[in-house]
Each structure stands twice: as C-alpha cells, then as structure tokens.
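These notes concern the structure reproduced below.
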Amino acid sequence: MRLPRLTGELTTSAGAQRLAALDGYRGLFVTLVLLYHFGVTALVGGWVGINHFFVFSGYLITRLLISERAKTGTIDVLRFYQRRAERLIPALLVLCTAVLASGLFVGSSDRHRDAGDVLASLFFVQNWRLISQDDAYFEQVGNPSPLRHAWTLGVEEQFYLLVPLLVLILFALFRRSRGGRFSVVALLAVASAAWTVHLATSGTDFARLYYGTDTRAQALLVGAAAAVLLGRDHRGRLGRRPSLATTQALGVVGLLISLSAFFVVGPRSEWLFTGGGMLVFAVGAVLMGLTATDPRPMLINRLAAWPPLVLLGQMTYGLYLYHWPIHLWLGPLLDGLPLVVSAAIKLLVTVGVAFASFRWLEVPVLQHGFGVLVPRAVRARLERRRIGRRRRETPVWWVPVAMTAVVALVAVAAFTRPVSEEDLDVPLLVASDGDFTEADPPVDVALLGDSVGVSLADGWDPDAYPGVTMTNHSRIGCDLIDAPLIADGSPMPEDDSCDEWRSGWPQEVKEAGASSLLVLPGAQFIGDHEVDGEVLASRSPELATLIRRTLTDIEQRAGEAGVTHVQVATMPCREVDPDKLDPALRQFAGAISDPQNVEWVNRTVTEWAEGEGEGAAPTEGVRRELLDLHGALCADGFTPEVNGIPLYGDTVHFSPAGAATVWTWLTPRVVAASRP
C-alpha cells in the first residue's frame, strides 16, 4: 500500500477526520518517547513527553464532543464510549494476550504480577495499581512489568468518562458564553496544577504524583480548554484565531518549549510538580496543537505534515502500546550490542508490529466497527438468521465484551493461582548461614540510602524474617552527602525534595520506632563534591573527611531519633554496562566499575566504623558496626549472580530476586549487630 494513501485522511466509523500536522507532531514525539525508553542518553526528559499526548488527546476529544453538541444539540454518550472502545480495545487485547502467553516462560511470581496488571489494564485502572505498589518509574531494575506503561490509558479513560458530562454542563450553564465555558475549564486545569503542588510540597510519594489521574488531569484540561476556546459555539461558529503570523509564531514557541522538555528536565525533576512545570509544558503542547489544527497555509504545518511523521502519528497508539514489552523482551537478546544498534533494532521491530496492528486490526475496526472481527462465515450465518427471522441487524457489542471476558478470565485464573514454593524459595547468599531463626528480642531496622537502597528494599520479605521489621527511608536521586556533586566541572542538579529528605528522614525513623539504622553508601561517595566554593576531589583525604563527617552526622541525628545501633555496609563491586542504565546515571558507570574507587570508599567507611580519622568521633549512646557486604558479594571478584539468581538488574541496582538473596545475608547480621 502506498504511503500517501495511508497518510491521507482516515475516516473512522464515527466520521472523524485526521489532521496531518497534528499527526506529524504526534509521530515526532512518540518517536522521542520510544527512544528515551530504549535508553538514548540525550533524551533525559523523555518521560515528560507523555504530557504532550494528554494535551493532544484532551484537545481532540473535547473538540469532537463540542462539534457534535453544536451540530445535534446533544451528545450521544453511549456512542462516544463505543468509539473509544473501538479505538483502544482491539490492540490492548492483543497486547494483554501476548503478556499472558509470555507468562508461560517466566516464574509464577511474575505470572501473578503480570496477570494482575492485565486485569488493571483491561479495566483502565493500571495507574492506581502502580500507585498502590509505590512503583518507581525510573527504577528499571530486575524485570519491570510489560504493562507498566498502560497507566496512561487509565488516566485518559478515566478522563473520558467525565468529559462528555463536562461539555454538556458547560453548554447548559454558559449556552451563549464561550468565555464562560473556557474560564471554567481553564480554572479546572489550574486547580489540578495547584492540587499537584500541594501534594508535592506535602511529601506525597513520587508514584502518587506521577501516576495520579488528578495530578495528570491538568494536561488533559489544558487541551480541553483550547478546544472550548476555538471550537464551535451554540450557533456552530468556530472561535476566532489570531493572525496567520501570530499563529505560526505561537506554534514555533510551543514546539521549542515542548522539545526542550526532552533535554532540560532530568529524572524526577520534582519542580515539574512542585512549581507548576507540567502546566507550562502543557501550554507549550497546546500551542503546537492550535497551530497544527489551523486550516490556513503555514510553513510549520507543511513541515510537520511530512508523510512518514504523519504515518507514525496515526500509529501512535500501537507504537506506544507495543514498544515497552518489545523493549523488555528483546533486551536480553540484544545484550552486548552498542546502544545505537539495539535501540535501532527495537525501534524497527516496534514500527513493524505497530504497522501490522494499525493496518489489519485498528483501521478496520475504526472504519467498520467490531463486527469486522467476527469471522466471515459466522457473520454470514448471523445475517441469514437475521433475514430469515426478519430481525434488525444483530448488534456487535458482544464481540468486545466476549473477547475481553475471555482474556480477563485467563488473567483471573493466573492471578488467583498460588505462587509456587519454588518461586518463593530464596537461595541463601552464604550457605553456611542456615535458616533464619526468629529475632528475640524483636528488631526494628530502618534502611537509609539512595536508589540502590530502594532496589534493596524491593527484595524484602517480612514473612521470611520473623521478629524483624524493616522500613525503607531511602530516596531515589538524593545524595547522603549534603554538598553539591560535581560533574564535568559544574554542580549536578538535584531534586528539589532532596533537602527535605535529608532533613526529614530522622523524624520518619522516629515515627517508625526503629532502634537500628542500616546505611548504604551510594555511588556519590566516589564523585567530586563542592564545599564552601572548594572542590573536594574523588579519593582525596578531604573527601574522606567529608564522608566520615556525613556518617557521623547521620549517626548523631539517628541517635536523637531513638536509634541505638547504626550499621554501615561496604559497597559491592560491579561491572557496569552504561547502555543498561538510566541516562542520568551513565556518568557514574566508569567510576563505579573501577575497583580502586570501591576499595577507597570501603576503606573510608571502615575507618569511620572503627572511629579512626578526622570526623569519625563516636556518638554517645549509639553503637556502630561495619557490615562487609563487599566481602560477601565479591570475595572471588565480581559475581553477577548467586545460585542462578542475577544480583543486578541494570548492573548497578539490585534485581528484586538479587535483593531478596542479599537480605538472607544482611538480616541475621543486622540482628546480631542490634543486640544490646
């Protein structure tokens, strides 16, 4: 089939037409998001790209509903939901079926997780499932769920449940006032942004901020506000647009703002939530959308309407839907290849799968409805029966219902089936440790570290260690050292919340009632730091003093929070593959892999544990202990796996199974070090 034919105006069963320039923008940004997920270093802010699609979706859907309201005087809500089902369900069922089938090749614990994700995705609540699990979006350790990305479908569909009612209410309250309708939707967008700021500044978990429908609604509402402003009024008249030059200028500004997100935003840049950054990028996206939907001839629209980009834009749903599991499933097969090669292969496979889905599944359903999924022989038999009984045309609503029910029942069966004892059994890191015996007296331990601490906490099983309670107070992206980390001669930007975390963790430990604190030194201990305008070089005596003072400060504040025992673990050896790391962490790859750096850090923390060196003075009432995790994991050099269990997911962070294995060594030693 020729490309121009595919990229022409696509008429769906609802009669809606495509907009070439807007599809071109969608094609550009979905490609950038895919490359970000595939590990392209430069696109560190790729996670913000999802915000653009929320804006485009809010704009297009609200625009269609307003047009229907202007034309017919009402909105066929059931037909609207049918159109959404025709757009989303066929490809989603294919993906969910593939995920369930892939479960035949993984352990029962992963099958259980994936089946739960299938159910949450089918009913469009995956975002809230991830929130309930405190999912760490940026921690791609171990084996993340192949349906993690389906959270966006949940956000959009939950919005779609309400937007028809919103449009009807707006026209009922402000029948003749376009400005009134626009003001209400704009205020709702601002309210969502303000609510997000409130949650973010109140210490709400990042997962709640990232996946929440209420926090993401601001982008959808910005798009909806633009549709109200420029869509049809009660007389069917379109809103007035700025001059041609102004419109094109706004499009350029919007494009630059939107593209900048991929390069100026880092992982977990919480100013996007604490400072209204998401709202700013949503406005940038809507400026692009306003220009792209303007029928007047503009150079920027001609460029955006480049046919290959338009085709990718039309395939956006499939590209996004299939790319993440393809990334996970092909990853192990492409290990060892350069990043540019592996990313190119994943992109090509994704485009091929998405094209097949688009051409032979999504487009037929969009054009002819769900009936096209019924085999021709069955359709002919139903038609003969209908004619013979002089009945009206047989409805096809049963097709998606039946297909969804089958997939859901299989998922329920997998989800309710108990996890096998084999998958629950965690091999001991050191065989001589034997089975864990109940801690008496009980021990409450708090874990403090960075993202490695978070990955270690993911492997904790409270049922495996009776008498021991562990609470995790680690924070992704935050340095234990309260001094700027230097990279390429300049201070590295840090999340706005890190200062709050460093000042607030003692109160959290106190509230948890922990008597012991386990500290995990992070990779930041290796890097240069700036103190009072002076750079303390890596492995220098000055940096060693800063590290000892940092650990002493942690010990003192822990003591004030009621902790009586502090353990510090040595840093394990690693052989880091930069291509497997989050782009923001790749600068540490070489330093972490250098055995001399690891040895220096471990020598420094050992000196502190023994009370030696400047800044290592012991804290009265607190007992400190060194736990030689390096010796347990690296006695015979770098060990990527133990008893067939891979220790690291991305070669830096522990895999969930690896973390569980590490706890078999750590827990009895924490208990022993915590005894009076």
Side-chain angles (χ1 to χ4, degrees), residues 45-51 53-54 58 113 116-117 119-121 123-141 144-145 147-159 161-162 188-222 265-282 324 447 450-451 453-455 457-458 460 471-478 494-505 507-508 511-512 582:
W47 59 280
V48 185
I50 300 300
N51 210 47
F53 295 103
F54 287 150
R113 177 205 64 189
D117 288 342
L119 290 171
S121 300
F123 294 101
F124 301 105
V125 291
Q126 175 70 338
N127 60 320
W128 294 106
R129 173 172 164 82
L130 294 175
I131 289 171
S132 70
Q133 298 172 334
D134 194 22
D135 181 85
Y137 176 81
F138 299 101
E139 291 302 295
Q140 298 180 19
V141 298
S145 167
L147 286 170
R148 171 192 276 180
H149 65 313
W151 70 271
T152 60
L153 304 184
V155 171
E156 290 194 353
E157 288 309 297
Q158 291 156 35
F159 175 77
L161 284 176
L162 300 177
L188 288 174
V190 172
S192 172
W195 172 246
T196 302
V197 171
H198 167 72
L199 291 177
T201 54
S202 301
T204 301
D205 291 340
F206 187 79
R208 174 67 178 82
L209 298 172
Y210 191 86
Y211 295 119
T213 306
D214 49 351
T215 56
R216 289 293 187 167
Q218 55 187 294
L220 289 154
L221 288 166
V222 165
V265 174
R268 289 177 54 91
S269 292
E270 294 192 7
W271 62 269
L272 292 174
F273 301 100
T274 60
M278 282 293 187
L279 190 64
V280 172
F281 285 117
W324 181 247
L447 177 64
D450 55 14
S451 56
V454 173
S455 69
D458 286 342
W460 174 259
T471 55
N472 178 34
H473 305 276
S474 304
R475 190 61 177 259
I476 298 172
C478 295
E494 194 178 47
D495 291 347
D496 297 337
S497 64
C498 287
D499 286 336
E500 295 179 15
W501 167 74
R502 277 187 289 265
S503 63
W505 67 258
Q507 180 62 31
E508 295 177 2
E511 292 173 355
D582 184 283

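Small disclaimer: the values here were computed from a predicted structure and weren't measured. Excluded from the calculations below are hydrogen atoms, water molecules and symmetry mates; all remaining heavy atoms, backbone and side chain alike, are included.
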Give the intermediate values and the outcome of side-chain contact (heavy atoms from CB on, under 4.5 Å) for residues Leu272 and Leu209.
CA-CA 10 Å; Leu272 292 174; Leu209 298 172; over 6 Å; no
Can you list the steps and then say if Val222 with Phe54 is a side-chain contact (heavy atoms from CB on, under 4.5 Å)?
CA-CA 9 Å; Val222 165; Phe54 287 150; over 6 Å; no
Chi angles and distances behind the side-chain contact (heavy atoms from CB on, under 4.5 Å) call for Asp214, Arg208
CA-CA 10 Å; Asp214 49 351; Arg208 174 67 178 82; 2.6 Å; yes
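With sequence neighbours excluded, the residues satisfying ring-ring contact (aromatic ring centres under 6.0 Å, His included) with Phe273 are Phe206. Scored by the side chain to side chain donor-acceptor pair (under 3.5 Å) test, Thr215 finds no partners at all (sequence neighbours excluded). The ring-ring contact (aromatic ring centres under 6.0 Å, His included) test applied to Trp128 returns no partner, not counting sequence neighbours. With sequence neighbours excluded, no residue forms a side chain to side chain donor-acceptor pair (under 3.5 Å) with Ser192. Scored by the side chain to side chain donor-acceptor pair (under 3.5 Å) test, Thr471 finds His473 as partners (sequence neighbours excluded). By the side-chain contact (heavy atoms from CB on, under 4.5 Å) test, Val197 pairs with Thr201, sequence neighbours left out. In this view, Ser474 and Asn472 satisfy the side chain to side chain donor-acceptor pair (under 3.5 Å) rule, not counting sequence neighbours. When the side-chain contact (heavy atoms from CB on, under 4.5 Å) test is applied to Gln507, the partners found at least two apart in sequence or on another chain are Lys510, Glu511.
Checking side-chain atoms of Asn127 against main-chain N and O of Gly154 turns up no donor-acceptor pair under 3.5 Å. Between the side chain of Trp324 and the main chain of Ser145, a donor-acceptor pair closer than 3.5 Å is present.
Counting heavy atoms from C-beta on, the side chains of Thr213 and Glu157 never come closer than 4.5 Å. Inter-residue side-chain proximity for Gln126 and Leu153 is flagged as unmet; no heavy-atom pair is nearer than 4.5 Å. Looking at Tyr210 and Trp151, their side chains come closer than 4.5 Å, going by heavy atoms from C-beta outward. Using a 4.5 Å cut-off on side-chain heavy atoms (C-beta onward), Thr152 and Phe53 make no contact.
Atoms CG and CG, on Leu220 and Leu188 in that order, are 12.0 Å from each other to the nearest 0.5 Å. To the nearest 0.5 Å, atoms CZ (Arg216) and CD1 (Ile50) are separated by 7.5 Å. For the atom pair CZ (Arg148) and CG (Asp117), the distance works out to 10.0 Å, reported to the nearest 0.5 Å. Distance check: Cys478 SG to Ile476 CD1 gives 9.0 Å after rounding to the nearest 0.5 Å. For the atom pair CG (Leu199) and OG1 (Thr274), the distance works out to 12.0 Å, reported to the nearest 0.5 Å.
Of all heavy-atom pairs spanning Ala189 and Gln218, the tightest one is O-CB, 3.6 Å. Minimum interatomic distance between Leu279 and Ala193 (heavy atoms only, all atoms of both residues): CD2-CB, 3.9 Å.
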